[in-house]
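Keep in mind that what you see is a predicted model, and the values were worked out from it rather than measured.
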Amino acid sequence: MKVDFWQIGRDPVERVVALIAQKVCGAGERLLVVSSDPQQLDVISTALWETAPEAFLANGTADAPGAERQPILLSGTCDALNKASHIIFADGEWRAEAERFDRSFLLFGQATLEGARACWRSLDGGEGLERSFFRQDGGKWVKVA
């Protein structure tokens with residue numbers, strides 16, 4: 001399993017989710033975006049639809065009809081009704097259910113920094129686990145560790 005830690009700085013969470021979603025969907029994979037904040041999920045949904053008007057990122061919510069057909073599913077839980085192989089924790093809160101996915105992305109900012117650090121340490125030495133850390137450098141995302 002791969003776990004990517006993305007430290008949010010200049011760009012808002014919804015823009016970072018859209019960036020990751022483009023790469024995941026471009027590789028033919030499905031994505032689950034999790035947040036305990038319904039308003040954040042609404043903002044993310046709008047950003048996904050509007051990021052690239054010529055190639056919008058179709059998405060839907062877990063509580064809507066057809067959730068299982070969505071390439072990008074937005075939810076308050078880790079239930080991948082769309083059979084997603086990738087998960088983004090947009091609210092900065094790590095969940096143990098991440099182990100069910102091939103790749104997890106933990107997006108964190110200043111408010112969730114300590115939780116992200118604790119998660120990084122707790123995953124250290126995990127068998128079959130690959131951790132990476134990304135941050136922005138002059139507007140470009142750079143892998144630091």
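In this structure, Gln70 CD and Lys83 NZ are separated by 14.0 Å, a value rounded to the nearest 0.5 Å. Here the straight-line distance linking atom CZ of Arg95 with atom CG of Leu106 works out to 9.0 Å at 0.5 Å rounding. Within the model, atoms CG of Asn82 and CG of Leu74 stand 9.5 Å from one another, a figure rounded to the nearest 0.5 Å. Ile8 contributes atom CD1, which lies 9.5 Å from atom CD of Glu14 (distance to the nearest 0.5 angstrom). Note that CG of Leu48 and CD of Gln22 are 9.0 Å apart. Values are rounded to the nearest 0.5 Å. If you take OG on Ser104 and CG on Leu32, they are separated by 10.0 Å, rounding to the nearest 0.5 Å.
Exactly one of Leu31, Leu19, Leu57 qualifies for a side chain to side chain contact (heavy atoms under 4.5 Å, CB included) with Val24. That residue is Leu31. The side chain to side chain contact (heavy atoms under 4.5 Å, CB included) test with Ser35 singles out one residue from Leu107, Leu41, Val43, and that residue is Leu41. Partner Leu73 forms a side chain to side chain contact (heavy atoms under 4.5 Å, CB included) with one of Ile87, Asp79, Leu81, Val33 and no other, that one being Leu81.
Closest of all the heavy-atom pairs between His86 and Phe105 is CD2-CE1, 4.0 Å. The shortest heavy-atom contact between Val17 and Ala90 is CG2-CB, 4.3 Å. Of all heavy-atom pairs between Glu99 and Met1, the closest is CA-SD, 3.6 Å. Residues Lys143 and Ser132 share a closest heavy-atom pair of CE-OG, 3.3 Å. Closest heavy-atom contact between Pro71 and Ala58: CG-O, 3.5 Å.
In this structure, Asp91 and Gln40 have side chains that are in contact, with non-hydrogen atoms separated by less than 4.5 Å. Between Leu123 and Val3 the shortest side-chain heavy-atom distance falls below 4.5 Å. Residues Ser122 and Trp94 fail the side-chain proximity criterion, which asks for heavy atoms closer than 4.5 Å. You'll find the side chain of Arg30 stays beyond 4.5 Å of the side chain of Ser85, heavy atoms only.
Checked for salt-bridge contact, Glu97 and Arg100 miss the test: no charged N lies under 4.0 Å from a carboxylate O. With respect to the salt-bridge test (charged N to carboxylate O, under 4.0 angstrom), the residues Lys2 and Asp102 do not qualify. Classification of Asp4 and Arg131 as a salt-bridged pair fails, no side-chain N sitting under 4.0 Å from a carboxylate O.
A donor-acceptor contact shorter than 3.5 Å links the side chain of Gln136 to the backbone of Arg10.
Within 6.0 Å of CG in Asp137 there are 12 or fewer heavy atoms belonging to other residues, nucleotides or ligands.
Residue pairs that meet the side-chain hydrogen bond (donor to acceptor under 3.5 Å, both in side chains) test with at least one member in residues 57-69, sequence neighbours left out, are Ser45-Asn59, Thr61-Asp63.
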Ile20 vs Ile88, side chain to side chain contact (heavy atoms under 4.5 Å, CB included): CA-CA, chis, key distance, verdict: CA-CA 9 Å; Ile20 295 169; Ile88 296 176; 3.7 Å; yes
Intermediate values then yes/no, ring-ring contact (aromatic ring centres under 6.0 Å, His included), Phe108 and Trp6: CA-CA 6 Å; Phe108 65 96; Trp6 289 56; over 10 Å; no
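Using cut-offs of 30° and 60° for the angle between ring planes, the Trp120 and Phe133 rings count as perpendicular.
Follow the hydrophobic side-chain contacts under 4.5 Å out from Phe5 and you reach Leu113 in the same cluster.
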